[in-house]
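Let me begin by presenting the structure, written as structure tokens, before commenting on it.
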Protein chains: 2
Amino acid sequence: MGTPLPRDPIADAQRNWERHGWGDVAAPMAAITAIMRTQQILLARIETVLKPFGLTFARYELLALLSFARSGALPMNKASALLQVHPTSVTNAVDRLEKAGLVARSPHPTDGRTTLIELTAEGRTLAKKATAALNSEVFGNSGFGADDVDHLIRVLGTFRRDAGDFTEE
Amino acid sequence: MGTPLPRDPIADAQRNWERHGWGDVAAPMAAITAIMRTQQILLARIETVLKPFGLTFARYELLALLSFARSGALPMNKASALLQVHPTSVTNAVDRLEKAGLVARSPHPTDGRTTLIELTAEGRTLAKKATAALNSEVFGNSGFGADDVDHLIRVLGTFRRDAGDFTEE
DNA sequence: GCAATATACTAGGACATCCAAGGGTTTGGA
DNA sequence: TCCAAACCCTTGGATGTCCTAGTATATTGC
């Protein structure tokens, strides 16, 4: 990053699109590019808050998911589905969390193919602390107004449903 | 990806947040998580369209940026600033694009520290084709209504400005 | 019951992003 | 004038994501 630019590069791109005769898709292009950039900004903020805890966002998401599991344990494939990431990404995250003593692998009692992941005591404690930090430093200061938050949840929810993330609603 | 989930995992997370007494930040948390997931979906769509061209999104963005440059060439640091990515990411992209014969490095005429990147003829042609494909297959079918597109552009634009991306109004 | 198919996890590889550090070039103040 | 500070790019390392392939275990169908 660095110094702010004098002008919005995405608005410039939208003007370039229009200038080249692609006016019919210039606005969606700008919206999509803005989503990409916003994600980048938010991820950087989150990672900054999590760094003191020795966590990354991917690892934090797994800890948070486990902390809400009724039984306290989840099969890897379940975690992969709920976090909507590739199974190998979960393997990667669990490897590192396990090495840090925050989660533990255990065999599934009845299905030999399945591995359960479970929070350790330290994992549960760290998840709580990290959540508190994120709540106060990122989510509590998102930079979005309440109306915009509601709108984002609704619009992006519809988008995700249409994209095949889930069927409910 | 796999089968659609029966329920929206982000809505579930929001309920979990509320259930744990973090109701005041549950909605922003859900909105931010939805942005992360939406970015992931959009990026996957874009990469799928670009794959036949041998391009990734990062490389495409650089090609597109160069194709709009008046002089046809840009300093690396300028590209880094406009694309809002780390200089090393530009180095990485240019390395691969150069190896593919799509861009060329050249020394800056007056500043020995600076390297200019310029589209080759093939690079310019490929950028055009890739843009046409993205326009018709992704941007022209974004899944967002026109009103939602306008709203996203406005809300995310404000967010990015407040985050220090640019100063213009 | 046994073979074929499906499912679960992991290993290896390609890419992207960032940070830290290093080497060359310019600029600016003493 | 001259040297320190600032700037530009690259290298090397850590992480995350995905894909493909391989191994092990379950399930299904004949």
Side-chain angles (χ1 to χ4, degrees), chain A residues 1-3 36-37 39-48 50-51 53-63 73-100 103 105-117, chain B residues 1-3 36-37 39-48 50-51 53-63 73-100 103 105-117:
Chain A
M1 28 163 265
T3 328
M36 312 290 270
R37 174 57 186 156
Q39 185 268 352
Q40 191 179 21
I41 293 168
L42 289 169
L43 181 59
R45 286 187 190 173
I46 290 171
E47 298 276 14
T48 298
L50 291 178
K51 198 178 194 67
F53 299 99
L55 291 175
T56 63
F57 187 47
R59 297 177 209 171
Y60 166 77
E61 279 196 299
L62 188 49
L63 287 189
L74 276 180
M76 310 252 319
N77 66 333
K78 208 83 171 180
S80 169
L82 291 172
L83 296 176
Q84 319 219 237
V85 296
H86 199 277
T88 54
S89 296
V90 176
T91 294
N92 186 327
V94 171
D95 282 350
R96 299 172 192 278
L97 287 170
E98 192 175 35
K99 199 166 299 179
V103 307
R105 280 180 167 94
S106 65
H108 190 286
T110 65
D111 189 333
R113 297 169 300 182
T114 300
T115 300
L116 296 175
I117 39 184
Chain B
M1 264 280 326
T3 328
M36 313 290 269
R37 174 57 185 156
Q39 186 267 353
Q40 190 180 22
I41 293 168
L42 289 169
L43 181 60
R45 286 188 190 171
I46 290 171
E47 299 275 15
T48 298
L50 291 178
K51 197 177 193 69
F53 299 99
L55 291 175
T56 62
F57 187 46
R59 297 177 211 170
Y60 167 76
E61 279 195 297
L62 187 50
L63 287 189
L74 276 180
M76 309 250 323
N77 65 332
K78 208 83 169 178
S80 169
L82 291 172
L83 297 176
Q84 320 217 235
V85 295
H86 200 277
T88 55
S89 296
V90 176
T91 295
N92 185 327
V94 171
D95 282 350
R96 298 171 193 278
L97 288 170
E98 191 173 36
K99 199 165 299 180
V103 308
R105 280 180 167 94
S106 65
H108 190 285
T110 64
D111 189 333
R113 298 168 298 182
T114 301
T115 299
L116 295 175
I117 40 184

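Protein chains get the first letters and strands the later ones, always in sequence-line order, with residue 1 at the start of each.
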Subject >> Integer-rounded Å distance: D:dC18 P and B:L43 CG >> reply: 10 Å

Original post:
Can you find a side chain N or O atom of B:R96 that sits less than 4.0 Å from OP1 or OP2 on C:dA16?
Top reply: yes

Subject >> N or O in side chain of B:T56 less than 4.0 angstrom from C:dA16 OP1/OP2 >> reply: yes

Atom pairs under 3.5 Å, N or O on each side, protein against nucleotides 8-10 of chain C: can you list them with distances?
residue, atom, partner, partner atom, Å
C:dA8, OP1, A:N77, ND2, 2.6
C:dA8, O3', A:R113, O, 3.3
C:dC9, OP1, A:M76, N, 3.4
C:dC9, OP1, A:T115, N, 2.9
C:dC9, OP1, A:T115, O, 3.2
C:dC9, OP2, A:N77, N, 2.7
C:dT10, OP1, A:R105, NE, 2.9
C:dT10, OP1, A:R105, NH2, 3.0
C:dT10, OP2, A:T91, OG1, 2.8
C:dT10, OP2, A:R105, NH2, 3.4

**OP:** Decide yes or no for B:T56 and B:L50: does some side-chain heavy atom of the first lie under 4.5 Å from some side-chain heavy atom of the second?
**Re:** no

Original post:
Between A:M36 (CE) and D:dT17 (C1'), how many Å, whole number?
Top reply: 13 Å

Subject >> Length of the CD-C1' vector between B:E98 and D:dT10, whole Å >> reply: 13 Å

**OP:** Could you tell me whether the side chain of A:S89 and the main chain of A:V85 form a donor-acceptor pair under 3.5 Å?
**Re:** no

Subject >> Interatomic distance where CD1 belongs to B:I117 and C1' belongs to D:dC8 [whole Å] >> reply: 13 Å

**OP:** Name all residues meeting the salt bridge (charged side-chain N to carboxylate O under 4.0 Å, His left out) criterion together with A:R113; count only those two or more places apart in sequence or in a different chain, and write none if there are none.
**Re:** A:D111

Original post:
Can you check the B:K51 NZ to D:dC18 P distance for me, whole Å?
Top reply: 13 Å

Original post:
When the distance from CD of A:E47 to C1' of C:dC18 is rounded to whole Å, what number comes out?
Top reply: 10 Å

Original post:
So what does A:T110 touch, heavy atoms closer than 4.0 Å: a base, only the sugar-phosphate, or nothing?
Top reply: sugar-phosphate

**OP:** Check whether any side-chain heavy atom of B:T115 lies under 4.5 Å from a side-chain heavy atom of B:H108, and answer yes or no.
**Re:** no

**OP:** State whether B:Q40 places a side-chain N or O below 4.0 Å from either non-bridging phosphate oxygen (OP1 or OP2) of D:dG16.
**Re:** no

Original post:
Which atom names give the shortest non-hydrogen contact between B:A79 and B:I117, and what distance separates them?
Top reply: CB-CD1, 4.2 Å

Subject >> Whole-Å distance separating the CG atom of B:L83 from the C1' atom of C:dA16 >> reply: 13 Å

Original post:
So, are A:D95 and A:R105 salt-bridged, with charged N and O less than 4.0 Å apart?
Top reply: yes

Subject >> A:E47: side-chain hydrogen bond (donor to acceptor under 3.5 Å, both in side chains) partners, not counting sequence neighbours >> reply: none

**OP:** Give the rounded distance in Å between these two atoms: NZ of B:K99 and C1' of C:dC15.
**Re:** 13 Å

